[in-house]
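For reference, the structure is listed below as C-alpha cells.
The figures that follow rest on heavy atoms only: side chains count, while hydrogens, waters and symmetry mates do not. Since this is a predicted model, take the numbers as computed values, not measurements. Each chain gets a letter, A, B and so on, in the order the sequences are listed, and its residues count up from 1.
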Amino acid sequence: MNIILSVYKKLYRMYGPQGWWPIDNEYHKRDFSYPKTGRQQLEVCLGAILTQNTSWKNVEKALENLKKNNLIDPKKISSIDKKRLANIIRSSGYHNQKAKKLKIFSRFYLSLKGRAPSRDELLEVWGIGPETADSILLYAYNQSEFVVDAYTRRLLASMNIITEKFAYDEIKLLFENNLPKDYRLFQEYHALIVENGKNVDYNRKYSSKK
DNA sequence: AGCCAGGCTACCG
DNA sequence: CGGTAGCATGGC
C-alpha cells in the first residue's frame, strides 16, 4: 500500500471521522451529503475565505455575526457598506481585506447563477488562491480537489516525503495521484491533517514561512 | 507577553 | 521568475 494511503489510515485510527466542513458550527460525521442548501454552500465559501491564515475560532464568531445580520446572502454582501461588513467580520482578522474579498466573491458567486465554478475561474477571483479555491471546490461543491495547507506541508516534511519548498500543485498531485478519486476521502483526509496539526507540535521547523 | 493561526496580494530585485 | 512585507484579531 502506498504511503499516502497508509498515513490516511493511521490518522483515521487516531482521530476518527471529522465531518468537515463545519456548518452552523456542527461537524456532520460520516454524512457526506452536505451542503444541503445554497445557503450552506455559501457559508462554506465564506468560511474558506475568512479562515485564510486565521484560526477557526476567530472565524466562527465572524460567521455568527454574519448570520445575526442575515448576511449569508450574496446579494446582501454585495450591497452592504464595506466598512460595516468589515466591522461585522472583525474577529477573523485582516477584516478590511476580507470584507473586500467577501464582496468580490459574492459578485462572482451570483454570476455563476447556480452552476459550479471551475478551478481556473476561482483562481482568477481576487482574494482566492489555490488553497481557498480547492477548499471551496472540495467542501462547497463536493469535487475531488485535494486541499494543501500549512499543516499538510509540515506533516509531509516531517516524514521527509517533501522539502519545504515543494510547490502547492506538486503536493496536491502527490495526494491525488495516490488516492482513489473520491471527494469523501479527500474531505476526510484534509480534515484529519488539520486535526493532527493542531495536536502535534512540529517545532515550527517545517513551517512554510520562516 | 510574545507568537501564531485551516493565505493571498503587491511589489521588489 | 523567487522572495517577502503587509494585512489584524484573539487564543494560548
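The partner of B:dA1 is absent, by the rule that a Watson-Crick or G-U pair needs both atom distances under 3.5 Å.
Using a 4.0 Å cut-off, some side-chain N or O of A:Asn96 falls inside it from OP1 or OP2 of C:dA8. Distances shown here put every side-chain N or O of A:Trp56 at or beyond 4.0 Å from the OP1 or OP2 atom of C:dG11. The side chain of A:Lys57 places no N or O atom within less than 4.0 Å of a non-bridging phosphate oxygen (OP1 or OP2) of B:dC4. Between A:Arg90 and C:dC7 there is no side-chain N or O to OP1 or OP2 distance below 4.0 Å. Remark: A:Thr132 is in phosphate contact with B:dC8, judged by side-chain N or O atoms under 4.0 Å from OP1 or OP2. Between A:Asn58 and C:dG10 there is no side-chain N or O to OP1 or OP2 distance below 4.0 Å.
Ring geometry for A:Tyr139 against A:His190 counts as tilted: the plane angle lies between 30° and 60°, on a 0 to 90° scale.
Of the candidates C:dG10, B:dG6, B:dC8, B:dC8 carries the atom nearest the A:Gln52 side chain, counting heavy atoms from C-beta on. Listed nucleotides: C:dT9, B:dG6, C:dA8. Nearest to the side chain of A:Ser91: C:dT9.
What separates CG of A:Asn87 from P of C:dG10 is a distance of 11 Å, to the nearest Å. In this structure, A:Glu131 atom CD and B:dA5 atom P are separated by 12 Å, rounded to whole Å. Rounded to whole angstrom, the span from the CG atom of A:Asp134 across to the P atom of B:dG7 amounts to 13 Å. Whole-Å rounding puts the A:Arg153 CZ to B:dG7 C1' distance at 11 Å. If you take NZ of A:Lys100 and P of C:dA8, they are 11 Å apart, rounded to a whole angstrom. Taking atom CG of A:Asn53 as the reference point, atom C1' of B:dC4 lies 8 Å away to the nearest angstrom. Between the CG atom of A:Leu63 and the C1' atom of C:dT9 there is a distance of 15 Å, rounded to whole Å. Look at CZ on A:Phe105: it is 16 Å from C1' on B:dG7, rounded to the nearest Å.
A:Ile49 comes within contact range of no nucleotide atom at all, as no heavy-atom separation falls under 4.0 Å. Residue contacts shown for A:Lys61 are limited to sugar-phosphate atoms, with no base heavy atom under 4.0 Å away.
When each of A:Tyr168, A:Phe175, A:Tyr8 is checked for a ring-ring contact (aromatic ring centres under 6.0 Å, His included) with A:Phe146, only A:Phe175 meets the rule.
Side chains of A:Ser33 and A:Asp31: a donor on one and an acceptor on the other come within 3.5 Å.
Across B:dC8 and C:dG10, the matching P atoms stand 22 Å from one another, rounded to whole Å. B:dC3 and C:dA5 are spaced 15 Å apart, taking the P atom of each and rounding to whole Å. Only the C1' atoms considered, C:dA8 is 12 Å distant from B:dC4, to the nearest whole Å.
When the shell of 6.0 Å around NZ of A:Lys29 is examined, it contains 12 or fewer heavy atoms from other residues, nucleotides or ligands. At most 12 heavy atoms of other shown residues, nucleotides or ligands fall within 6.0 angstrom of atom NZ in A:Lys57.
Stacking annotation: A:Trp20 is stacked on the base of B:dG6 (ring centroids less than 5.5 angstrom apart, interplanar angle below 30 degrees).
For the pair A:Tyr151 and A:Trp126, nearest-nucleotide mapping onto DNA chain B gives the more 5' position to A:Tyr151. Two residues, A:Thr54 and A:Lys165, neighbour DNA chain C, and the one matched to the more 5' nucleotide by heavy-atom proximity is A:Lys165.
Judged by the 6.0 Å and 45° rule, A:Lys9 forms no cation-pi pair with A:Tyr12.
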